[in-house]
Amino acid sequence: MSEPIKIDIWSDIACPWCYIGKRHLEAGIEALGADAPDVEIEYHSFELSPDTPLDFEGSTVEYLAERKGMPVERVEQMLEHVTGVAANAGLDYHFEKVAHTKTLKAHELLHFAKSHGKQLELKERLLKAYFVEGGRVNRIDELIGFATDVGLDADAAREALESGRYATAVQADIAQAGAYGIQGVPFFVIDGKYGISGAQPAEVFSQALAQVSGERVA
């Protein structure tokens with residue numbers, strides 16, 4: 001039995017293309033059907049917008065217009081486009097609900113979840129909370145709620161977040177991204193040697209995985 005193909009993904013919770021890319025990867029694996037290889041997926045922390053305030057009071061349109069200096073009309077067109085792409089991937093984005101915030105605590109929780117074998121489930125839960133439900137992914141009480149939703153222990157999750165035990169692991173991921181030259185996310189590294197940048201179509205992931213599988217057989 002060959003080792004599963006490792007897929008390392010640098011990603012942020014506050015990244016609309018990261019959720020879309022997640023769905024495209026899943027669709028790419030599914031499209032291979034019986035030929036789909038075993039894969040092992042691990043998420044790595046990335047802070048897309050380090051200057052985001054802890055609690056921005058206002059809409060996504062206001063956030064991008066005020067903080068990033070973009071014209072309102074352009075922001076609205078951009079969000080409409082992203083919402084459409086997300087819908088095609090089966091995602092129901094609600095940018096009017098999004099609560100913009102720093103995501104470092106959420107990344108700490110993802111490292112905690114990884115240590116308990118629940119990272120993939122929590123990643124999905126946090127992305128849904130952020131883009132669909134308008135959840136606050138920086139607040140410890142809300143984060144513990146998301147943790148228990150995927151079967152993690154509330155007390156252990158609270159201790160991990162309040163102690164900051166995984167903060168150095170988050171920064172190590174971010175530093176690794178810098179060392180790799182990753183400037184935007186999602187960024188996928190397949191089998192430690194093939195990099196895929198952005199929320200590429202499902203076929204791109206299918207082809208990459210088929211190529212790696214073929215190389216292993218050859």
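Computation of the quantities below employed the complete heavy-atom set of this structure, encompassing side-chain atoms and omitting hydrogens, waters and symmetry-equivalent molecules.
No more than 12 heavy atoms of other residues, nucleotides or ligands shown are found within 6.0 angstrom of CD on Q183. Shown here is K128, whose NZ atom has no more than 12 heavy atoms of other residues, nucleotides or ligands within 6.0 Å.
In terms of modelled atom types and a separation under 3.5 Å, the side chain of S59 and the main chain of E62 share a donor-acceptor contact. A donor-acceptor distance shorter than 3.5 angstrom exists from the side chain of Y93 to the backbone of P16, with no hydrogens or angles considered. Looking at R74, its side chain never comes within 3.5 Å of a backbone N or O of A65 through a donor-acceptor pair. Proximity of a side-chain donor or acceptor of S213 to a complementary backbone N or O of P37 within less than 3.5 Å is not detected. No donor-acceptor pair closer than 3.5 Å links the side chain of D173 to the backbone N or O of H44. In this structure, the side chain of S197 does not engage the main chain of F187 through any donor-acceptor pair within 3.5 Å. At distances below 3.5 Å, at least one donor-acceptor pair connects side-chain atoms of K105 with backbone N or O atoms of L161.
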Derivation and outcome, side chain to side chain contact (heavy atoms under 4.5 Å, CB included), residues M78 and E80: CA-CA 5 Å; M78 186 179 74; E80 187 178 340; over 6 Å; no
Trace of the side chain to side chain contact (heavy atoms under 4.5 Å, CB included) decision for L209 with D191: CA-CA 9 Å; L209 289 168; D191 210 28; over 6 Å; no
Verdict with supporting geometry, I41 and D8, side chain to side chain contact (heavy atoms under 4.5 Å, CB included): CA-CA 6 Å; I41 296 171; D8 291 286; over 6 Å; no
Steps toward side chain to side chain contact (heavy atoms under 4.5 Å, CB included) verdict (F205, I29): CA-CA 7 Å; F205 294 107; I29 294 169; over 6 Å; no
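No salt bridge links D141 with R136; every basic N to acidic carboxylate O contact stays at or beyond 4.0 Å. Salt-bridge annotation for R125 and E133: present, with a side-chain N of the basic residue lying under 4.0 Å from a carboxylate O of the acidic one. A salt bridge links E47 to K102: at least one charged side-chain nitrogen sits closer than 4.0 Å to a carboxylate oxygen. E159 and R165 are joined by a salt bridge, as a carboxylate oxygen and a charged side-chain nitrogen come within less than 4.0 angstrom of each other. A salt bridge does not link R23 to E30: none of the charged nitrogens lies less than 4.0 Å from a carboxylate oxygen. No salt bridge links R158 with D153; every basic N to acidic carboxylate O contact stays at or beyond 4.0 Å. Salt bridge E3/R216: absent, no basic N to carboxylate O contact under 4.0 Å.
L64 and L48 are assigned to two separate hydrophobic clusters, defined by single-linkage of ILVMFWY side chains at heavy-atom distances under 4.5 Å. Under a hydrophobic clustering in which Ile, Leu, Val, Met, Phe, Trp and Tyr are joined whenever their side-chain heavy atoms come within less than 4.5 Å, directly or via other members, V185 and F188 fall into different clusters. By the rule that hydrophobic residues join a cluster once side-chain heavy atoms approach within less than 4.5 Å of another member, I140 and L110 end up as members of one cluster. Hydrophobic clustering (ILVMFWY, side-chain heavy atoms < 4.5 Å, transitive): L91 and L25 are in distinct clusters. Residues L122 and I9 do not share a hydrophobic cluster, clusters being chains of Ile/Leu/Val/Met/Phe/Trp/Tyr side chains in contact below 4.5 Å.
Here the two rings, on Y19 and Y130, have centers that are 6.0 Å apart or farther. Here Y43 and W10 keep their ring centres 6.0 angstrom or further from each other.
For the pair G135 and A99, the tightest heavy-atom approach, listed with the atom from each and the gap, is O-CB, 4.1 Å. Taking both residues in full, the closest heavy atoms of Q200 and I196 are given as CG-CG2, 3.5 Å, listed atom of the first, atom of the second, then distance. Residue V132 comes nearest to D92 through the heavy atom pair CG2-O, 3.5 Å, listed as atom of the first residue, atom of the second, then distance. The heavy-atom pair separating E26 from K22 by the smallest distance is OE2-NZ, 2.7 Å. In terms of heavy-atom proximity, Y166 sits nearest to S115 at OH-OG, 3.3 Å. Shown here for A199 and H24, the closest heavy-atom pair between the two residues is O-ND1, 3.4 Å.
When each of H100, R67, K68 is checked for a side chain to side chain contact (heavy atoms under 4.5 Å, CB included) with S49, only K68 meets the rule.
Under the 3.5 Å distance criterion, with hydrogens and angles disregarded, no donor-acceptor pair is assigned to the side chains of K97 and T60. A donor atom on one side chain and an acceptor atom on the other are found under 3.5 Å apart for Y194 and E215. Counted by atom type alone, Q207 and E203 present zero donor-acceptor pairs between their side chains at under 3.5 Å. Between the side chains of S11 and K123, a donor-acceptor pair is found at a separation under 3.5 Å. A donor-acceptor contact closer than 3.5 angstrom links the side chains of H107 and D12.
Taking the six-membered ring for Trp and thresholds of 30 and 60 degrees, Y63 and F56 have ring planes more than 60 degrees apart, a perpendicular arrangement. Using the six-membered ring where Trp is involved, F112 and H116 have ring planes that are tilted, between 30° and 60° apart.
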